[in-house]
Protein chains: 2
Amino acid sequence: MPAAERFALYLSKHRLKMTRERRALLEHVLSVRGHFDVDDLLRRLGRTGHRVSRATLYRNLPVLVESGLIHKVEMARGQARYERMVGRHHHDHMVCLGCGDILEFESPEVERIQEEVCRRKRFVMTGHTHQIRGYCGSCAGDGRARGKER
Amino acid sequence: MPAAERFALYLSKHRLKMTRERRALLEHVLSVRGHFDVDDLLRRLGRTGHRVSRATLYRNLPVLVESGLIHKVEMARGQARYERMVGRHHHDHMVCLGCGDILEFESPEVERIQEEVCRRKRFVMTGHTHQIRGYCGSCAGDGRARGKER
DNA sequence: ATAACTGCAAAAGGTTTGCAGTGAT
DNA sequence: ATCACTGCAAACCTTTTGCAGTTAT
């Protein structure tokens, strides 16, 4: 099912409305490649003449998340980033402390171990966060990797 | 080496001073069992008559972290918690969305996989965060587990 | 018609910082 | 005598919220 349709369905199921703002937001969110934050989105929307307030963004990103179209990635110090999830499957992140770049990785084995840990502790998992911090190939070379963990 | 001595050594190495406030903070941090946040600490310090300002706490927790005596655990929505690390080894966390409880787990296998992923992507790891969210045994039973992921 | 939605501006919540005075080395 | 440290209050930053007016259904 196309993402737009999926979103429309989600909205109607929850008695939410398909507003001009949501349409604009959806369109942009689907076209971004890579990770983005609220400011990125605001800038993009502004550039294309869509006026969507910051408050509306903050109110609607959770809706996009719940509908499964995007994922929220919590970064250190309470900064949230998002990423499109349509047509993609689960993965985790490596964050470069040098250039801020985000690499992705996936490991079915880690997933399996997680599930086993939960089973053993009688814990019902609803989600997880697995981030590796460090320095990417180019940053590790130039001396910045000597900086301390933050 | 005793923790207090280790801290003193760290301080002098970095030309930092052993103040009354740092002594009080150290003492409390070592005696807490489990995880704590800045408010917990402030409350505890107050209760025992030590007056340490919030600013001083915020300025010194990073020092304790750097010296390796405590670890910072970043929770969702930018809330930081800390935990004593003296005499303990690495572990990760399972956070109960029902009661807020934090369970710990460790998996040498996950660590191994992480390292391998980093090697493959030429990523120099300096740290990682691995949290499982969900509901602990007691909370999963009472219907709260039906709540949505947050 | 009626809920839900939006923008605005204020508020909140956690953390950081400038300043002037204090204290460890 | 230095230079780091402290408390205070103000500043910051990201996110949330109350309100009054707007719009999708």
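Order of the sequence lines fixes the chain letters, A, B, ..., with proteins taken first and strands second; residue numbering starts at 1 for each chain.
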Which nucleotide in the list [options] gets nearest to the side chain of [X]?
| X | options | answer |
| --- | --- | --- |
| A:Arg54 | D:dT15, D:dT23, D:dG18 | D:dT15 |
| A:Gln79 | C:dA4, C:dG7, D:dT14 | D:dT14 |
| B:Leu16 | D:dA24, D:dT6, D:dA4 | D:dA4 |
| B:Arg59 | D:dT17, C:dG18, C:dG23 | C:dG18 |
| B:Ala55 | C:dC5, C:dA24, C:dT17 | C:dT17 |

> Hey, does A:Asn60 reach any base, or is it just sugar-phosphate, or nothing, if we go heavy atoms under 4.0 Å?
Replying inline: sugar-phosphate

> What does A:Arg22 touch in the nucleic acid at a heavy-atom separation under 4.0 angstrom: a base, only the sugar-phosphate, or nothing?
Replying inline: sugar-phosphate

Whole angstrom value for the distance that separates [atom2] of [N] from [atom1] of [X]:
| X | N | atom1 | atom2 | value |
| --- | --- | --- | --- | --- |
| A:Leu42 | C:dT6 | CG | P | 14 Å |
| A:Arg23 | C:dT6 | CZ | C1' | 15 Å |
| A:Leu57 | D:dT16 | CG | C1' | 14 Å |
| B:Met75 | C:dT15 | CE | P | 12 Å |
| B:Leu11 | D:dC3 | CG | P | 19 Å |
| B:Glu21 | C:dG23 | CD | C1' | 9 Å |
| A:Leu45 | C:dT6 | CG | P | 12 Å |
| A:Tyr58 | D:dT15 | OH | P | 3 Å |

> Is there a donor in the side chain of B:His90 and an acceptor in the side chain of B:Glu104, or the other way round, less than 3.5 Å apart?
Replying inline: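 Side chains of B:His90 and B:Glu104: no pair found under 3.5 Å.
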
>> For the residue pair A:Asp92 / B:His130, report whether a side-chain donor-acceptor contact shorter than 3.5 Å exists.
In response: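 The answer is no; no qualifying pair exists.
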
> Does the ring centre of B:His28 sit less than 6.0 Å away from the ring centre of B:His50?
Replying inline: yes

>> Once salt bridge (charged side-chain N to carboxylate O under 4.0 Å, His left out) is applied, do any residues pair with B:Arg47, and if so which ones, sequence neighbours excluded?
In response: none

> At under 4.0 Å, does any side-chain N or O of B:Thr19 touch on OP1 or OP2 of D:dT6?
Replying inline: yes

> Are the charged groups of B:Arg119 and B:Glu115 less than 4.0 angstrom apart, N to O?
Replying inline: no

> Which residue lies toward the 5' end of DNA chain D, B:Lys17 or B:Arg51, if each is placed at its nearest nucleotide?
Replying inline: B:Lys17

> In terms of the nearest nucleotide of DNA chain C, which residue is placed more toward the 5' end: B:Ala80 or B:Met18?
Replying inline: B:Ala80

